[in-house]
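Notes follow the structure.
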Amino acid sequence: MLIGFMGTGKSTLGRQLARRIGYDFIDTDLAIEEVTGKTVEKIFRKDGPIRFRSEENLLARKLSVRSGLVIATGGGMVLNSENVNLLKQNGVLIGLKAEAEIIFSRVRNKRRRPLLRRGNLRENVERLLREREGAYDAADFTIDTGKLSFGEALNEIHSYLKQEGCV
Ligand SMILES: Nc1ncnc2c1ncn2[C@@H]1O[C@H](COP(=O)(O)OP(=O)(O)O)[C@@H](O)[C@H]1O
Ligand SMILES: O=C(O)C1=C[C@@H](OP(=O)(O)O)[C@@H](O)[C@H](O)C1
Ligand SMILES: [Mg+2]
């Protein structure tokens, strides 16, 4: 399972990793959109962040008993320690990180991240990174996707999973 801040590449690399190792792929944001019939943006706007976080928690419970999956989480999934414990039960937590400057450039044109929509994008990214300092330390293994190409990042994750006997 991939954890990390918005724009670190969880959704993109998760899909590629699943294809490479022959696992099914789940993006928790897309799964929540499917069960609720609403976009992430609409849930945040109409129902509020607490509702979105409770959908994430519900999904973490369901996913904690599954195996053979690559899961790309939303950036806020691991802010709830119960989710971390649930997801660790049955899987390895791969952390993705990147410097603020890189994240800023990657999320610049993204419309599906309601937490970044209002106000100054750079300030929002920097504030959230500060608020979440340490949250992604729950990972068993972390790579910096700002310093690696897609192929290199995939190789790093794949090697780690092989070394741990996961694949
Ligand atoms: N080396 C890299 N690893 C991961 N993503 C990268 C890399 N270089 C550029 N990107 C881009 O960064 C963006 C990451 O977005 P996404 O996968 O949606 O991240 P997340 O799900 O973590 O928010 C994508 O547009 C992707 O193409
Ligand atoms: O960091 C967060 O709180 C969020 C990250 C988003 O996912 P990505 O990390 O895939 O962008 C999405 O779940 C939602 O907008 C909230
Ligand atoms: Mg994503």
Side-chain angles (χ1 to χ4, degrees), residues 1-44 51-98 102-103 105-116 132 135-167:
M1 160 168 9
L2 304 178
I3 67 170
F5 196 79
M6 291 174 265
T8 51
K10 303 178 295 296
S11 298
T12 313
L13 288 171
R15 193 174 290 279
Q16 294 176 5
L17 177 68
R19 200 176 308 137
R20 180 188 283 205
I21 64 180
Y23 280 23
D24 286 335
F25 173 66
I26 290 188
D27 187 310
T28 60
D29 288 336
L30 300 184
I32 289 170
E33 294 191 339
E34 225 164 83
V35 292
T36 60
K38 297 178 202 168
T39 62
V40 168
E41 194 273 328
K42 192 168 179 189
I43 301 172
F44 267 86
R51 175 63 194 279
F52 182 75
R53 298 306 176 200
S54 101
E55 292 294 342
E56 276 188 327
N57 179 246
L58 216 59
L59 194 57
R61 289 171 198 227
K62 284 192 203 153
L63 294 175
S64 68
V65 295
R66 305 259 316 259
S67 52
L69 289 178
V70 172
I71 303 169
T73 58
M77 175 69 91
V78 297
L79 299 178
N80 179 346
S81 61
E82 190 194 333
N83 293 349
V84 175
N85 293 332
L86 283 165
L87 297 171
K88 275 206 167 191
Q89 272 174 25
N90 216 12
V92 184
L93 263 57
I94 307 287
L96 304 186
K97 65 173 185 176
I102 301 254
I103 287 175
S105 70
R106 288 184 187 166
V107 297
R108 187 174 296 194
N109 296 315
K110 292 288 154 64
R111 317 194 89 207
R112 293 176 80 197
R113 296 187 175 101
L115 293 177
L116 300 177
R132 294 179 177 186
Y136 303 112
D137 294 351
D140 299 297
F141 173 70
T142 299
I143 59 169
D144 187 336
T145 65
K147 298 193 166 73
L148 302 167
S149 67
F150 288 108
E152 287 167 344
L154 274 182
N155 286 342
E156 291 271 325
I157 299 170
H158 197 182
S159 302
Y160 175 76
L161 292 175
K162 281 194 275 196
Q163 174 199 313
E164 294 297 306
C166 303
V167 291

Rounded distance [0.5 Å steps], CD1 in Ile157 versus CZ in Arg20
9.0 Å
Looking only at heavy atoms, which two atoms of Glu152 and Lys147 are closest? And how far apart?
OE1-O, 4.2 Å
Give the intermediate values and the outcome of side-chain hydrogen bond (donor to acceptor under 3.5 Å, both in side chains) for residues Asn57 and Arg61.
CA-CA 6 Å; Asn57 179 246; Arg61 289 171 198 227; 2.9 Å; yes
Minimum heavy-atom separation for Ala139 to Gly95, with atom names?
CB-N, 3.4 Å
Would you confirm whether Thr145, through its side chain, and Thr8, through its main-chain N or O, come within 3.5 Å as a donor-acceptor pair?
yes
What one should report as the nearest heavy-atom pair of Asp144 and Gly146 is OD1-N, 2.8 Å
Going from CD1 on Ile102 to CZ on Phe5, what distance comes out if it is rounded to the nearest 0.5 angstrom?
14.0 Å
Give the minimum heavy-atom separation between Leu86 and Ser64, together with the two atoms involved.
O-CB, 3.2 Å
Enumerate the residue pairs fulfilling ring-ring contact (aromatic ring centres under 6.0 Å, His included) with a member in residues 148-167, sequence neighbours excluded, ordered by first and then second residue.
Phe141-Tyr160
Any residue meeting salt bridge (charged side-chain N to carboxylate O under 4.0 Å, His left out) with Lys88, in chain and number order, not counting sequence neighbours:
Asp140
If we check side-chain contact (heavy atoms from CB on, under 4.5 Å) with Glu33, which of these qualifies: Asp27, Val40, Ile43?
Val40
CG-CG distance between Asn83 and Leu58, expressed to the nearest 0.5 angstrom
10.0 Å
Look at the side chain of Glu41 and the backbone N and O of Pro114, then say whether any donor-acceptor pair between them is shorter than 3.5 Å.
no
Quick one: list whatever passes side chain to side chain donor-acceptor pair (under 3.5 Å) with Lys97, sequence neighbours left out.
none
How close do Phe25 and Ala18 get, heavy atom to heavy atom, and via which atoms?
CB-CB, 3.6 Å
Output the distance between atom CZ (Arg51) and atom OG1 (Thr36), rounded to the nearest 0.5 Å.
7.0 Å
Between Val92 and Cys166, the two heavy atoms sitting closest are CG2-SG, 3.4 Å
Give the intermediate values and the outcome of side-chain contact (heavy atoms from CB on, under 4.5 Å) for residues Met1 and Leu63.
CA-CA 10 Å; Met1 160 168 9; Leu63 294 175; over 6 Å; no
Holding to side chain to side chain donor-acceptor pair (under 3.5 Å), I want the full list of residues that pass it with Thr12, two or more places apart in sequence or in another chain.
none
One should read off an interatomic distance between Thr28 OG1 and Lys62 NZ, to the nearest 0.5 angstrom, of 12.5 Å
List the residues meeting salt bridge (charged side-chain N to carboxylate O under 4.0 Å, His left out) with Glu156, not counting sequence neighbours, and say none if there are none.
none
Should we count CD of Glu34 as having more than 12 external heavy atoms under 6.0 Å?
no
Pair Glu55, Val35 - check side-chain contact (heavy atoms from CB on, under 4.5 Å), show working.
CA-CA 9 Å; Glu55 292 294 342; Val35 292; 4.1 Å; yes
Let me check something: any side-chain donor-acceptor pairs from residues 68-81 under 3.5 Å, sequence neighbours excluded? List them with distances.
| unit_1 | atom_1 | unit_2 | atom_2 | d |
| --- | --- | --- | --- | --- |
| Thr73 | OG1 | Leu2 | O | 2.7 |
| Asn80 | OD1 | Glu82 | N | 2.9 |

Stepwise side-chain contact (heavy atoms from CB on, under 4.5 Å) test for Leu13 and Ile94
CA-CA 11 Å; Leu13 288 171; Ile94 307 287; over 6 Å; no
Gap separating the CG atom of Leu161 from the OH atom of Tyr23, nearest 0.5 angstrom:
7.5 Å
